[in-house]
Amino acid sequence: MSYQPSKIEPKWQKFWAKNNYKNWHTSDKPKKKHIYILDMFPYPSGEGLHVGHVEGYTASDILSRYYRMKGLEVLHPMGWDAFGLPAENYAIQTKRNPKEVVKKNIKRFRKQLQEMGFSYDWQREVDTTDPNYYKWTQWIFLQLYKKGLAYEAEVPVNWCPSCKTVLADEEVVEGKCDRCGKEVTRKNLKQWVLRITAMADRLLEDLDLLDWPARVKTMQKNWIGRSEGYDVEFKIVGQDEYLKTFTTRIDTIFGVTYLILAPEHPLLEKITEDSQRNEVQDYIKQALQKSDFERQSVNKEKTGVFTGAYVINPANRERVPVWVSDYALISYGTGAVMGVPAHDERDLAFAQQFYLPVKEVVAANGTLINSGPFDGMPYKRAQEKIALYVGGTKTVRYKLRDWVFSRQRYWGEPIPIIKCEKCGLVPLKESQLPLKLPEIKKYEPSGKNESPLADIVSWVNVKCPKCKGPAKRETNTMPQWAGSCWYYLRFVDPKNKKKLIDIKKEKSWLPVDIYIGGVEHAVLHLLYARFWHKFLYDIGVVSTIEPFSRLVNQGIILGEDGEKMSKSRGNVISPDSVIKKYGADSLRMYEMFMGPLTFAKPWNTQGVIGIYRFLNRVWSLINEEKDKSKKIKEKDVFKMTPEAKKKLKENIEELEKIRHQTIKKVTEDIESMHFNTAISSLMEYVNSLYQVPKEKINKKHQETLVLLLSPFAPHLAEELWQGALKHRKSVGQEKWPIYKAEIAEEKSFTLVVQVNSKVRDKILVSKGIKESEAKKIAKNSPQVKKYLKKQKIKKVVFVKDRLINFVI
RNA sequence: GCCCAGGUGGCGGAAUCGGUAUACGCAAAGGACUUAAAAUCCUUGGCUUGUAUAAGCUUGUGGGUUCGAGUCCCACCCUGGGCACCA
């Protein structure tokens, strides 16, 4: 019989599913050594699983299967991030109810994951749209509200006209909606906002504790954008007002030649001179009409208008003009900037545009000039002194803004707040959770700055829990990210009715040891989840300060043309079609063999076939009858050096050595996540086994091969283990093979003989050979003799167990 | 513009500490088997010169350190990613 994945794979999937996947179920409170291996759970979109999911999920599955065989208890769960725009937009497109659509999509995703042979603990499955789950998402919101970390505010927000909802800053990419690609506009709306800025310092500092890719840490650092500087006030000439500016370079204050206010600055109106009023008002109007993206696009010409007002520079008492320009942002600092064209690129561009003076105050050597009493002082040291001199206050500012948390959409967690005209905002009682999302007929966004929930009179109108008077429910829903902020906690205790998580269980499993997923979540999910986790730590729900100790980003898989996979390009590879042709094992292994996990790699269908061939070779190595085995002709066998060939023929010990070397290599490579080289070494092992007549291969070799292969190609391994090799247990429950270092070690090595650093000969010698002996052997080589001739040897370099170099 | 990562055969990639560059796989060529094809198995394979022994060159480019550099240092070029008026 030949290797037929379409026959054996469903068979073993059924076998694993027995007793609700009992073999992969983990206890709540692990006793032995344990590890929590987590995938970023998918949005169950209508597209189904794609090859990018398969990549990360295969990597984590290999680790999970490996560590189980090493005797660790492994928590490896899966669930569904099913609220939010992708599912809802798909439902609207196909004119169906989001709930039904999601249910169907989840079913399909689950089936696809099971067809990949992923070893999840399906008893811990969670779904963010299940009321038993989002009850706790709402509960966390209530706690945030009680601690003052959730508040309502009228804020300028990003509005997507196509999705008809508010977006978080993180969801806007290059001025466009991250979901649909439409240009985002700006609106002022009353919104729920989470005070993530309160955690800014901790989110920044604790990055040091994490074993994460440096670039993800850098992205978070930049996103938080901490700057230390000073607030400095400038007195307005002829008025009693002061303009407060924020600067990180107070040492350049003697170089201020103008001041800039953002168009939204509250004092602008008041300070503008009548002669300039029309011009300034026109400018403000224009600026406010522009989208954020337009205003902030780079390399654009600077614009601005003089207000007619002057301020006094507190450092040197000079009068400097006040301008309005949209390169000052109202949302950062004080909305007012001191213009120092000599030492700031943007200020220089502005000054050149409007012929404003440029005054140098820091010399090339870094000491101050034209700075009165501070001349000659190094600029760094001058900062504190100047601050004292001009009355500046030390301030820390962040780029990070509070997180706009409400969405005008149906498909999200309802915010558990009641609005009463008399009592104001009244939170629901915990006993009233979950506040279920009502089933409605019309769930398209209305575009009226409200969620479609606002139209459900029977749901919206309630009695105020406090005064019993008429009141209304909050109709906005939570954003996509809410449910994914804490799902990794629920996996540990998915059925707890009384608590979000039992802290004893949390203590034994958290933090997540290995978290695998795409880099696209570097500042969204990963920052929000850290924020919530720290909050839960503060209120005593969890005992750990960070949720994910180690993060690994898989690289994206490109189409066969080397471009990003997309429907419009027509280069999308569907996992289903690959499974159908070559089986899930080939798909898994190919994706791991393509290259390092973290690299971006182009798909190559021929490569899948290569892996398929390899699995066939494994199959026939173990399955074929001995008499039918390769008609090995001694003369045409070997692809190895003559020495190795001889050894293999004469000495089966060589094969045993390779067996131990392979165990060593595969073990080390799995632990360091070098899956591509682990597979290479399995291939080399199989190639070696093919070099010897079948009857010389003992069962030990076959068993080792199957065990080592089992995390990568679990179906094939199970078939061979329980079939041809006649074992009773699942291969996944066997022990991982061990190697002996002394057997794996090579006894001899190829001594490289160089003359003037050029390789002239290679001689097989035993390991540990001494310099004197090596010298003797090397000098005897006819090749080497040719080069040495009568020349005088100036120097001999000997590297133990490697080479000898004669310098002449 | 700034920051980060990376440039190795026709392709994906391998190569602890500076010590045999190109493992493994794909594609290619030749052979065996077959009526034939597919599949399978075997062999070859960086480039140049050469019948061959062999010699020279080769890890983006140019320098440097070293007995010895894919690996370390300097400069430059290119690709990918991130940030982008954050004062």
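Lettering of chains follows the sequences in order, A, B, ..., and the numbering in each one begins at 1. Since we're looking at a predicted model, the values are computed, not measured.
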The side chain of [X] is closest to which nucleotide in this list: [options]?
| X | options | result |
| --- | --- | --- |
| A/S757 | B/C26, B/C85, B/G68 | B/G68 |
| A/T750 | B/G25, B/G56, B/U20 | B/U20 |
| A/V807 | B/C67, B/A87, B/C26 | B/C67 |
| A/K758 | B/A87, B/G56, B/G13 | B/G56 |
| A/F593 | B/G12, B/A21, B/G56 | B/G12 |
| A/P596 | B/C57, B/C67, B/A14 | B/A14 |
| A/S680 | B/G19, B/A23, B/A87 | B/A23 |

Inset, instruction - Quick one, give me the B/S/- string for nucleotides 4-10 of chain B, reading 5' to 3', where B means a protein heavy atom under 4.0 Å from the base and S means that only happens at the primed atoms, P, OP1 or OP2. - result: -------
Inset, instruction - For RNA chain B, find the residues of residues 552-564 of chain A with a heavy-atom distance under 4.0 Å and give them by number; none if there aren't any. - result: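 None, since no heavy atom is under 4.0 Å.
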Inset, instruction - Kindly state which residues belonging to residues 255-268 of chain A come within less than 4.0 angstrom of RNA chain B, counting heavy atoms of the residue only, listed by number. - result: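 Output list: empty, so none.
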Select base, sugar-phosphate, or nothing to describe what [X] touches, counting heavy atoms under 4.0 Å on all strands.
| X | answer |
| --- | --- |
| A/S227 | sugar-phosphate |
| A/R397 | nothing |
| A/N805 | base |

Legend entry - Donor-acceptor pair, side chain of A/K217 and main chain of A/L207, under 3.5 angstrom: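 Side chain of A/K217 to backbone of A/L207, a donor-acceptor pair under 3.5 Å: yes, one is there.
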Inset, instruction - Give a yes or no answer on whether the side chain of A/T395 reaches the backbone of A/T393 with a donor-acceptor pair at less than 3.5 Å. - result: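 Yes, the answer is positive, given that a donor and an acceptor are paired below the 3.5 Å cut-off.
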Legend entry - N-O pairing of A/R226 and A/D201 below 4.0 Å: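 Salt bridge between A/R226 and A/D201, a charged N being under 4.0 Å from a carboxylate O: yes.
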Inset, instruction - Could you pull out the closest heavy-atom pair between A/Y283 and A/D326, with the gap in Å? - result: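 Closest pair (atom of A/Y283, atom of A/D326, distance): OH-N, 3.0 Å.
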Legend entry - Shortest non-hydrogen contact from A/I224 toward A/L527: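 So the minimum-distance heavy-atom pair works out to CD1-CD1, 4.4 Å.
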Legend entry - A/Q383 CD to A/T252 OG1 distance, which is reported to the nearest 0.5 Å: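 Rounded to the nearest 0.5 Å, the CD-OG1 separation comes to 8.5 Å.
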When you compare [N] with [M], how far apart are their [atom1] atoms, in angstrom units rounded to a whole number?
| N | M | atom1 | answer |
| --- | --- | --- | --- |
| B/A36 | B/C47 | P | 33 Å |
| B/G25 | B/A15 | P | 16 Å |
| B/G60 | B/U51 | P | 32 Å |
| B/G80 | B/A75 | C1' | 22 Å |
| B/G46 | B/A28 | C1' | 14 Å |
| B/G68 | B/G19 | P | 14 Å |
| B/C26 | B/C83 | P | 39 Å |
| B/U22 | B/G12 | C1' | 13 Å |

Legend entry - is_close_aromatic(A/W603, A/Y590), centroid dist under 6.0 Å: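 For A/W603 and A/Y590, the ring centres are under 6.0 Å apart.
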Inset, instruction - Nearest whole angstrom, please: distance from the C1' of B/G25 to the CD1 of A/I609. - result: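 To the nearest whole Å, that distance equals 13 Å.
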Inset, instruction - Could you tell me the separation between the CH2 atom of A/W223 and the P atom of B/C2, rounded to a whole number of Å? - result: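 Distance, rounded to whole Å: 22 Å.
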Inset, instruction - Between A/G335 and A/K795, name the one whose nearest nucleotide on RNA chain B is closer to the 5' end. - result: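 Per heavy-atom nearest nucleotide, the more 5' residue is A/K795.
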Inset, instruction - Identify, between A/S681 and A/Y398, the residue whose nearest nucleotide on RNA chain B lies closer to the 5' end. - result: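 So the residue in question is A/S681.
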Legend entry - Distance-only donor-acceptor test, A/K794 side-chain atoms vs B/C67 base atoms, 3.5 Å: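 No.
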Inset, instruction - Any chance you could encode RNA chain B as dot-bracket? Rule is Watson-Crick or G-U wobble with both distances under 3.5 Å; [ ] for pairs crossing earlier ones, | for another strand. - result: (((((((..(((......[....))).(((((.......))))).((((....))))..(((((..]....))))))))))))....
Inset, instruction - Go through the structure and list residues passing side-chain hydrogen bond (donor to acceptor under 3.5 Å, both in side chains) with A/W212, not counting sequence neighbours. - result: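 With neighbours one apart ignored, the set is empty.
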Only pairs under 3.5 Å count here: list side-chain donor-acceptor contacts from residues 764-772 of chain A, not counting sequence neighbours, and write none if there are none.
none

